[in-house]
Amino acid sequence: MQMNAASIKNQKAEWEALGVKLPAFDHEAVSAATKAHPIWVHFGAGNIFRGFVAALQQRLLNEGLADKGIIAADTFDYDIIDKIYTPYDCLTMNVTLNPDGTTSREIIGSVAEGLRANSADAAMMARFKEIFTDPGLQMISFTITEKGYALYRPDGSLMPVVQADIDEGPDHARHAMSMVAALLFERFNAGKYPLAVVSMDNCSHNGEKLQSSVMTVAKAWAEKGYVGQDFIDYLTDETKITFPWSMIDKITPRPHKIVEESLAKDGIEGMAPIVTSKNTFIAAFVNAERPQYLVIEDKFPNGRPALEKAGVYMTDRDTVNKTERMKVTTCLNPLHTAMSVYGCMLGYTLICDEMKDADIVALIKRLGYQEGLPVVVNPGILDPKAFIDEVVEQRLPNPFMPDAPQRIATDTSQKVGIRFGETIKSYIAEGRDLNTLVSIPLALAGWLRYLLAVDDEGKAFEVSADPLKDDLQAKLAGIEVGKPETYNGQLKGILSNASIFGTDLTQTVLADKIEKFFVAELAGPGAVRKTLHEALQ
């Protein structure tokens, strides 16, 4: 059995015999209608899109609440389109990993077309222009990670590719944000048609980040005369262009061997993962947890799919912001980061296995229930305590949720300011005693100890990718695991960096607590475990 358009049409009985749910709509007709007059383009063709966003539109199509699907585009890794979309007729095998250890399979057929967002490809750009000048296009959305919106280097200067895009104008856009601005310019020239530009990335104020980056490029073009003020006015007129905020939550880890083997055992071919030229580990299937949340600001000037009927919370910006703050600053993301850095040092390769470790469970329970909930922002549509309950009792322990602490530990320097810094700022603002915090300084000390790239047995390991990795490790130079005396205040230069933590921690009692935990974790083999255990008693 091979997953393609012909097989889901002609081999329905065989697929269903394998327990695979198929699209309940005419896949061929929906694909043709979508290509002819698209309503939705999504940038970022990876797992969170295929395993969540595309499945939402599939549900609407299955229930007759929509008649068109989505066009997927990738701005970074074109191999995803060429090797994961095109050979499978844009179909994806979704494997849901249920908390009870069972799995569910569904072929997602809501994606009609996969495109490479490559300005050097004339045919692709012609297709994008055709799509963006269609008056019926309702929304474009994004899961390109927070880094995809970044225009500036750490030193504050524009990235060379962005500077080149600004200098050369809309016809030569290469960076994702420049390309979006250029395509919006095409839409403006075609008739000033309205459109919602929706970030669905897992980052704070995602719509604001997207809007800021697009406007930065557009205004620079205006200054150079490539576009007029009327285009800037179009982008800032919310009857024409909007940048809704959203909050997304669903874990879609890299494809796991267990799932790959189960599909092969049932005779489903071509599911072996590949590694792309950009080092993306991806397969024709997506394995993901069942729980999922998507909250979107309901601001769509050209209409939208009935996403609320697919389980999406359509609401106002304030509620989106509160929900995002609840998840990212207290109820999920801080727990994930804290357990990931300790998991790496304690030799774990699966998050679910960490949930059998009493010390790690004590760390995240204290972090969520005792330190986070007192300052949590309640969004009203979700109960914060119930959310943490689901995280701790169902999501993280799920034995068939093959997520790795090494993946979660990626880009931690970009996360700690939100995941821990916001709670610290709330404590300060409310006059709460920072001395009562234990899990937060433990988590930060653990992250800094992790950056030494030596585990709790004294063995070297590879630190996950992080844009500040080299700089931070240079600041930690001279510190040796097993020799606490080699610590001579090297953390102070890091802890004082408000751009990392959201505040200068050396101006609080937390710096001393972090240093003490850090030095204790240097003592030698077993010191990380000992420090963690004793601190949480």
Side-chain angles (χ1 to χ4, degrees), residues 40-44 49 53 73 75-76 117 128 132 137-152 156 158-159 161-163 165-166 170 173-189 192-224 226-248 294-304 307 312 314-325 328 414 417-418:
W40 184 353
V41 176
H42 185 90
F43 291 90
F49 166 67
V53 180
T75 61
F76 173 72
F128 273 109
F132 270 73
L137 185 65
Q138 296 178 334
M139 64 184 288
I140 60 173
S141 55
F142 301 80
T143 50
I144 57 175
T145 77
E146 187 167 3
K147 290 182 288 187
Y149 306 110
L151 303 181
Y152 297 92
L158 283 169
M159 295 177 181
V161 65
V162 178
Q163 187 63 62
D165 286 348
I166 288 171
R174 284 151 292 207
H175 187 278
M177 295 295 96
S178 309
M179 188 167 292
V180 171
L183 291 170
L184 289 173
F185 188 49
E186 293 286 342
R187 190 165 182 79
F188 165 79
N189 287 330
K192 299 182 180 179
Y193 303 129
L195 189 70
V197 184
V198 191
S199 172
M200 294 181 180
D201 270 298
N202 180 22
C203 58
S204 179
H205 297 186
N206 50 18
E208 185 176 60
K209 286 182 169 64
L210 172 56
Q211 182 178 24
S212 175
S213 294
V214 170
M215 293 306 301
T216 295
V217 174
K219 288 177 179 178
W221 283 340
E223 289 175 6
K224 290 182 175 290
Y226 287 117
V227 303
Q229 181 60 39
D230 49 355
F231 176 54
I232 305 302
D233 294 341
Y234 166 74
L235 293 179
T236 55
D237 179 355
E238 289 200 336
T239 68
K240 297 294 186 182
I241 300 295
T242 59
F243 294 86
W245 294 16
S246 72
M247 188 287 288
I248 192 166
L294 181 57
V295 184
I296 303 177
E297 180 184 6
D298 198 357
K299 194 177 284 185
F300 290 74
N302 204 31
R304 62 169 176 79
L307 292 168
V312 178
M314 304 302 299
T315 183
D316 57 81
R317 178 171 293 186
D318 186 52
T319 303
V320 173
N321 193 34
K322 287 179 177 178
T323 310
E324 189 268 337
R325 280 184 62 83
V328 174
Q414 308 301 295
I418 298 296

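Since the structure is predicted, the reported quantities are computational estimates derived from the model, not experimental observations.
- For the pair Lys209/Cys203, a side-chain contact is recorded, criterion being any heavy-atom separation below 4.5 Å from C-beta on.
- Summarising the geometry, atom CH2 belonging to Trp245 is positioned 11.5 Å from atom CG belonging to Asp316; distances are rounded to the nearest 0.5 Å.
- Side-chain N or O atoms of Trp40 include none that pairs as donor or acceptor with a backbone N or O of Arg304 at under 3.5 Å.
- The pair Lys240-Asp233 fails the salt-bridge criterion, with no side-chain N (NZ, NE, NH1 or NH2) lying under 4.0 Å from an Asp/Glu carboxylate O.
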Point to revise | Trace of the side-chain contact (heavy atoms from CB on, under 4.5 Å) decision for Val198 with Leu210 | key: CA-CA 8 Å; Val198 191; Leu210 172 56; over 6 Å; no
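- Taking 4.5 Å as the limit, some side-chain heavy atom of Met200 sits within range of a side-chain heavy atom of Ile296.
- Looking at every heavy atom in both residues, Glu297 comes nearest to Val320 through N-CG2, 3.5 Å.
- Between Leu184 and Ile241, the closest side-chain pair of non-hydrogen atoms falls below 4.5 Å.
- Separation of atoms OH (Tyr149) and CD (Gln211) is listed at 12.5 Å; rounding is to 0.5 Å.
- When all heavy atoms are compared, the tightest approach of Thr143 to Gly44 is OG1-O, 3.1 Å.
- Here OG1 of Thr216 is found 8.0 Å from CG of Leu158. Values are rounded to the nearest 0.5 Å.
- Put simply, the side chain of Phe76 does not reach to within 4.5 Å of the side chain of Lys147, judged on heavy atoms.
- In this structure, Phe142 and Phe43 have parallel ring planes: the angle between them is below the 30° cut-off, well short of the 60° mark.
- Formation of a donor-acceptor pair under 3.5 Å by the Tyr234 side chain with backbone atoms of Tyr193 is found in this model.
- Tyr226 and Pro170 make their closest contact through CB-CD, 3.7 Å (heavy atoms, listed as atom of the first residue, atom of the second, distance).
- Here the straight-line distance linking atom CD1 of Ile248 with atom CD of Glu324 works out to 12.0 Å at 0.5 Å rounding.
- At a threshold of 4.5 Å between non-hydrogen side-chain atoms, the residues His175 and Thr75 do not count as touching.
- Around atom NZ of Lys299, more than 12 heavy atoms belonging to other residues, nucleotides or ligands sit under 6.0 Å away.
- Ser246 OG to Asp298 CG: the interatomic distance, rounded to the nearest 0.5 Å, is 12.5 Å.
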Practice item. Determine, step by step, whether Lys192 and Asp230 satisfy the salt bridge (Lys or Arg N to Asp or Glu O under 4.0 Å) criterion, reporting the C-alpha distance in whole Å, the side-chain angles of both residues, the deciding distance to 0.1 Å, and the verdict. Key: CA-CA 10 Å; Lys192 299 182 180 179; Asp230 49 355; 5.3 Å; no
Exercise for review: Start with the C-alpha gap between Phe300 and Gln138, add the side-chain angles, then the distance that decides, and say whether side-chain contact (heavy atoms from CB on, under 4.5 Å) holds.
Suggested key: CA-CA 7 Å; Phe300 290 74; Gln138 296 178 334; 5.9 Å; no
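- The backbone N or O of Pro194 lies less than 3.5 Å from a partner atom in the side chain of Arg187, making a donor-acceptor pair.
- Proximity of Ile232 to Lys219: side-chain heavy atoms (C-beta onward) are separated by under 4.5 Å at one or more points.
- When atom types are taken as modelled, the side chain of Ser212 and the backbone of Glu208 share no donor-acceptor pair closer than 3.5 angstrom.
- Heavy-atom minimum distance, Gly148 versus Ala176: O-CB, 4.3 Å.
- Across all their heavy atoms, Val227 and Ala218 have their closest contact at CG2-O, 3.7 Å.
- Two residues are said to be in side-chain contact when any heavy atoms from C-beta on lie closer than 4.5 Å; Leu195 and Asn302 fail this criterion.
- Ring-plane geometry between Phe128 and Phe132 is classed as tilted, the angle between the planes lying from 30 to 60 degrees on a 0 to 90 degree scale.
- Side chain of Asp201 to backbone of Thr145: a donor-acceptor contact under 3.5 angstrom is found.
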**Study point:** Test side-chain contact (heavy atoms from CB on, under 4.5 Å) applied to Met215 and Thr236, step by step
**Key:** CA-CA 9 Å; Met215 293 306 301; Thr236 55; 3.6 Å; yes
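- Taking CD1 from Ile144 and NE2 from His42, the interatomic distance works out to 9.0 Å, rounded to the nearest 0.5 Å.
- When side chains are defined from C-beta on, Asn321 counts as touching His205, because their heavy atoms get closer than 4.5 Å.
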